[in-house]
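Here the structure comes first, spelled out in structure tokens, and everything after it is commentary.
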Amino acid sequence: MARVELNADAVPRFAPHVQFRFDAKRTQWVILAPERLLVPDAIAVEVLRLCDGQASIFTMVAALAETYQATPETLEGDILELLQDLMDQGVLTL
Amino acid sequence: MSTPEPPLALLAELTHRCPLQCPYCSNPLALEGVEGELGTEEWCRILDEAAALGAYQVHFSGGEPALRKDLPKLVRHASAAGLYTNLITSGIPLNGEKIDALAGAGLEHVQLSLQDTLPEEADRVAKMPGAHAKKLEIARCVREAGLALTINCVFHRQNLERLDAMIELAVALGAGRLEIAHVQYYGWAIENRQALLPSRDQIEKANALIADAEARLKGVLLFDHVPPDYYARRPKACMGGWGRQFLNISPSGKALPCHAAETIPDLRFDNVRERSLADIWVESDAFRRFRGTGWMPEPCGSCDRREIDWGGCRCQALMLTGDAAQADPVCELSPDHGRILQMVKNEAGQEVPPFRYRRKAN
Ligand code: SF4
Ligand code: SF4
């Protein structure tokens, strides 16, 4: 096994045995993984909701750029970094 | 007092029975017997109540939880209730078929304990010939069933030199996580402290090795490592703070804020047979006693870390100062910190005595 390095063409999805769900009781999105709980911030939630195993990072960035009326170039770096970090933590896979 | 936040996880100690006899086992010296164990229906009710209370995860542990024949049923029930399910096991009673059944019931993750990388050493610590080989086989079955795998190894003075071999083994077994645990000195470990306590030099080497491996294996293996208490300058937040994140249910239904809480003599523990989990969480004496910061004497009371480490471990404070409400003496600010230094000096590096193994008659 080797570390996966993401680029904009990659199509990430949630790793098996990772659950991304909305907790109605605490009104927050959470990521459940083996013996771990992550609480993504609002931006990460927006990104992760687009992470359906179909969309490439390129497509996700384009969609977010439209929502936030920004240029894709300004968003891509941050989004790649966010997704790479979740990849390294075993939350996402290809 | 305001209502506490709901717990994050339920630790379900299904039984104290275990085929192994690890001398650092965190179970109490007075092991509960099979006669008193909660039944399947009782556990199902607790799982429902935990989910309703807001817990995200359940950790089935013990003893050896796989000795319970109703384990697949409990896993199925927990996952239907919306809980993320973890199994913390020695692997010994399992086989490929049972693991497939657990996966089919909705199990997400298995945490498998290994005692060492050398089979004969591992079997000596677990006190069971062939245990290590069986565990490697179980690791393979877990991965074949498509479940997430964590390898857990408790490190001590007699196996720390094989830490790097354990890291390699975890990668080779396809584990996504490696939990590097250091012996926590309560329960059986206290009885075996001199045989287990590493030297400062061993710990410093281990810390450097882990930092290096963590960087090298980024994206391949996650490390879960809490440096050992006795060489720290500040304590860890035991259980993320008393009564803040975890609810531990003993095999007979006692609700404990931490698995060692029973060592504190004047705490009264409620039993889930008599009270609902929600009531216990909010109101029970044992959970309220050390929740938050109101109970803290100095130096914790006015310390700026009081909501970071919550004063450390209550059981350790009791054990080393005679009073569970004192600062954890691991803390350099504790007036009793000298006792830890003295003990480490007296015991680490002394001759290794034989183990007192964990079993009912011992
Ligand atoms: S530490 Fe060893 S003896 Fe104790 S429950 Fe775990 S496997 Fe069994
Ligand atoms: S004095 Fe108490 S709160 Fe402050 S660091 Fe030490 S144990 Fe933690």
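Reminder, nothing fancy here: chain letters follow the sequence lines and each chain counts from 1.
Within a 6.0 Å radius of CD1 in A:Ile43, other residues, nucleotides and ligands contribute 12 heavy atoms or fewer. Counted within 6.0 Å of CD on A:Gln28, heavy atoms from surrounding residues, nucleotides or ligands total more than 12; the atom is thus considered enclosed. For CZ of B:Phe223, the number of neighbouring non-hydrogen atoms (other residues, nucleotides, ligands) closer than 6.0 Å is greater than 12.
Residues of residues 12-20 of chain A that come closer than 4.5 Å to chain B, counting heavy atoms only, are A:His17, A:Gln19, ordered by residue number.
When each of B:Pro6, B:Gly174, B:Ala9 is scored by its heavy-atom pairs under 4.5 Å with chain A, the top score falls to B:Pro6. Among A:Glu5, A:Met87, A:Arg21, the residue with the largest count of heavy-atom pairs under 4.5 Å with chain B is A:Arg21. Highest contact tally toward chain A, considering only B:Gln111, B:His109, B:Glu179, is held by B:His109 [criterion: heavy-atom pairs under 4.5 Å].
Side chain of B:Gln57 to backbone of A:Arg36: a donor-acceptor contact under 3.5 angstrom is found. Counting only distance, with no hydrogens or angles, the side chain of A:Asp88 and the backbone of B:Lys218 share no donor-acceptor pair below 3.5 Å. With A:Lys25 contributing its side chain and B:Ala52 its backbone, the two residues share a donor-acceptor pair below 3.5 Å.
Looking at B:Leu53, only its backbone comes within 4.5 Å of chain A, counting heavy atoms on both sides. B:Leu107 touches chain A through its backbone: at least one of N, CA, C or O sits under 4.5 Å from a heavy atom, while the side chain does not. For a residue to count as touching a neighbouring chain, one of its non-hydrogen atoms must lie under 4.5 Å from one of that chain's; by this rule B:Ala172 does not touch chain A. Interface remark: A:Asp85 contributes no atoms to any contact with chain B (heavy atom separation under 4.5 Å).
From B:Asn152, atom CG reaches atom CD of A:Glu35 across 8.5 Å, with rounding to the nearest 0.5 Å.
Defined by atom type and a distance below 3.5 Å, a donor-acceptor pair is present between the side-chain atoms of A:Arg26 and B:Tyr56.
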